[in-house]
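Input: a single structure, listed below in structure tokens.
Naming: A, B, ... by sequence-line order, numbering from 1 per chain. Just so we're clear, the structure is a prediction, and the values are computed from it rather than from any experiment.
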2 protein chains.
Amino acid sequence: MKLTTKGRYAVLALTEIALSEDKNLIKISEIAKSQNISSTYLEQILSNLKRNGFVKAVRGPNGGYKLALKAEDIIMSDVIELIEGKIETKGCSQKHISCTGISGKCLNHDLWDELGKQINLFLSHISLKDILEGNILGRSRAPILPQDCDNMTIN
Amino acid sequence: MKLTTKGRYAVLALTEIALSEDKNLIKISEIAKSQNISSTYLEQILSNLKRNGFVKAVRGPNGGYKLALKAEDIIMSDVIELIEGKIETKGCSQKHISCTGISGKCLNHDLWDELGKQINLFLSHISLKDILEGNILGRSRAPILPQDCDNMTIN
DNA sequence: TATTTCTTGACAAAACTAGTCAAGAATTAT
DNA sequence: ATAATTCTTGACTAGTTTTGTCAAGAAATA
């Protein structure tokens, strides 16, 4: 599990691209200047977003980037997974051996699995449109209490 | 935001220590062997947990570690924050300058702030006791929908 | 045809992770 | 007291990852 500048720059760039939709195209250099990011570093990130269908590029004079999808269809969990890789955590250090501690059972996998699920669940409910509209604050939620679990199906 | 082996080893070690509570003390070498972790590396982690009041150490023959708190009072958000540092993410790359993009407003801070909040909220509801009892799976929750936010107070 | 802009891949400094190692301090058993 | 055991602390290090830079090239347009 990690979140580096690369993931943040990706969202930042998408936001800037979306905000320029009226002008149709925005250049890497414009995003880089506006956000104080190295433009050569941004190239890598945008190139990746392009290869995976989030944005489209136009070369040549007056070229630049635009969104390839509608803002509401650009989901943060997809973007972050593309740029940062899958959010996954192993609960114990066993690599090939089956994972059993003194207890005879690894009690830790569940924690990290569920945390990963929680992060993904959160990000999968947030689109670029939500960001543009400032619809983010106050959305996090406490987990379900154990006593509540009994009568529930697990997703 | 990050989660490394150090954080996972910490939880793993706490679990092993808790499971040995009947024997009262467990040695670093026992945990290391049982979980296939370098014992010299574990030393650093347990030393840190000790300095911060999560476990107690007894030196000398038949020495070892035990919990300094009840399992239900060892909260995962505290443990992870101690070992990994604060879960915090900056939404943009501006360092000293006030954070304004083309939009005149940074639309990204909210996303990372809220994600950090979500992670902390999740981990703050999970104690070592929950882990020992296997009470973790199925606890993650979808975020609150934007339209639901209007009538709610933000925590 | 020249200029602009994206494209790709190689390269590299700095920071971080995941350890190792060694000297020492405290405790207990003998 | 002494030896053995166990934790304590801090310095050190190899390897990986992050965060970039750089250069050569391809596509589009004026």
Side-chain angles (χ1 to χ4, degrees), chain A residues 1-10 12-13 16-17 20 23-33 35-68 80 83-86 89-90 92-95, chain B residues 1-10 12-13 16-17 20 23-33 35-68 80 83-85 89-90 92-93 95:
Chain A
M1 177 185 124
K2 64 177 195 287
L3 185 51
T4 68
T5 55
K6 228 164 192 165
R8 296 191 280 110
Y9 289 175
L12 216 35
E16 293 286 359
I17 293 171
S20 303
K23 306 175 7 193
N24 205 21
L25 291 175
I26 186 173
K27 278 170 270 201
I28 285 183
S29 58
E30 292 182 271
I31 301 174
K33 187 189 286 182
Q35 290 293 338
N36 245 28
I37 304 173
S38 144
S39 69
T40 45
Y41 191 38
L42 250 189
E43 282 170 10
Q44 293 178 17
I45 297 165
L46 285 177
S47 173
N48 197 350
L49 288 172
K50 198 206 91 182
R51 268 198 309 282
N52 288 276
F54 290 100
V55 297
K56 281 180 182 164
V58 176
R59 291 198 260 202
N62 300 318
Y65 284 94
K66 62 178 174 180
L67 296 185
I80 297 303
I83 301 291
E84 305 278 15
K86 245 198 164 47
T89 49
K90 296 262 176 66
C92 66
S93 56
Q94 311 292 27
K95 288 192 182 61
Chain B
M1 178 184 123
K2 65 178 196 284
L3 185 49
T4 66
T5 56
K6 228 163 192 164
R8 296 191 278 112
Y9 289 174
L12 217 36
E16 293 286 359
I17 292 170
S20 303
K23 307 174 11 194
N24 206 20
L25 291 175
I26 185 172
K27 279 169 273 203
I28 284 183
S29 59
E30 293 181 272
I31 300 173
K33 188 190 285 182
Q35 290 292 338
N36 245 27
I37 304 174
S38 146
S39 68
T40 46
Y41 191 40
L42 250 189
E43 282 169 11
Q44 294 178 17
I45 297 164
L46 285 177
S47 174
N48 197 351
L49 288 173
K50 200 207 91 184
R51 269 197 309 280
N52 288 276
F54 290 101
V55 298
K56 282 178 180 163
V58 176
R59 289 198 261 203
N62 300 320
Y65 284 93
K66 63 177 173 180
L67 296 186
I80 296 304
I83 302 291
E84 305 277 17
T89 49
K90 297 261 177 65
C92 65
S93 56
K95 288 190 181 65

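Taking CD1 of B:Ile80 as the reference point, atom CZ of B:Arg8 lies at 10.0 Å (rounded to 0.5 Å). To the nearest 0.5 Å, atoms CD1 (A:Ile28) and CG (A:Leu46) are separated by 5.0 Å. Note that the CG atom of B:Leu42 and the OH atom of B:Tyr65 stand 9.0 Å from one another [nearest 0.5 Å]. Note that the CG atom of B:Leu67 and the CG atom of B:Asn24 stand 10.5 Å from one another [nearest 0.5 Å]. Taken from CD in B:Glu16 to NZ in B:Lys33, the straight-line distance is 13.0 Å, to the nearest 0.5 Å.
In this structure, the CD1 atom of B:Ile37 is 17 Å from the P atom of C:dT17, given to the nearest Å. Rounding to whole angstrom units, CG of residue A:Asn62 and P of D:dT29 are separated by 10 Å. In this structure, OH of B:Tyr41 is placed 14 Å from C1' of D:dA14, rounded to the nearest angstrom. Counting to the nearest Å, the P atom of D:dA23 and the CD atom of A:Gln44 are 16 Å from each other. A:Asn36 has its CG atom 15 Å from the C1' atom of D:dT19, to the nearest Å. Taking atom CD1 of B:Ile28 as the reference point, atom C1' of C:dA26 lies 14 Å away to the nearest angstrom. Here C:dT5 presents its C1' atom at 18 Å from NZ of A:Lys56, a figure rounded to the nearest Å. Atom CZ of B:Arg59 and atom C1' of D:dA3 are 17 Å apart (whole Å).
Checked by distance alone, B:Glu30 brings no side-chain donor or acceptor within 3.5 Å of a matching partner on the base of D:dT6. At a cut-off of 3.5 angstrom, the base of D:dT21 holds no donor-acceptor pair with the side chain of A:Glu43.
Phosphate proximity of D:dT19 to A:Thr4: present, with a side-chain N or O under 4.0 Å from OP1 or OP2. Side-chain nitrogen and oxygen atoms of A:Ser47 include none within less than 4.0 Å of the OP1 or OP2 phosphate oxygen of C:dT7. Between B:Ser38 and the phosphate of C:dA18, there is no side-chain N or O to OP1/OP2 separation shorter than 4.0 Å. The side chain of A:Thr5 places an N or O atom within less than 4.0 Å of a non-bridging phosphate oxygen (OP1 or OP2) of D:dT19. A close approach under 4.0 Å does occur between a side-chain nitrogen or oxygen of A:Lys2 and OP1 or OP2 of D:dT18. The phosphate of D:dT18 has neither OP1 nor OP2 within less than 4.0 Å of any side-chain N or O from A:Tyr9.
Across all non-hydrogen atoms, the minimal contact from A:Asn62 to A:Leu25 is O-CD1, 3.3 Å.
Using a 4.0 Å heavy-atom criterion, one finds that A:Thr40 contacts the bases of the nucleic acid, with or without backbone contacts as well. Counting any heavy atom pair closer than 4.0 Å across all strands shown, A:Lys6 reaches a base atom. Among the heavy atoms of the strands, none lies under 4.0 Å from B:Leu46. Within 4.0 Å of B:Gly60, counting heavy atoms only, lies at least one base atom of the nucleic acid.
If you check D:dT6, D:dT18, D:dT8 against the side chain of B:Lys27, the one that comes closest is D:dT6. In the set C:dT5, D:dT8, D:dA4, the nucleotide with an atom closest to the side chain of B:Lys50 is D:dT8.
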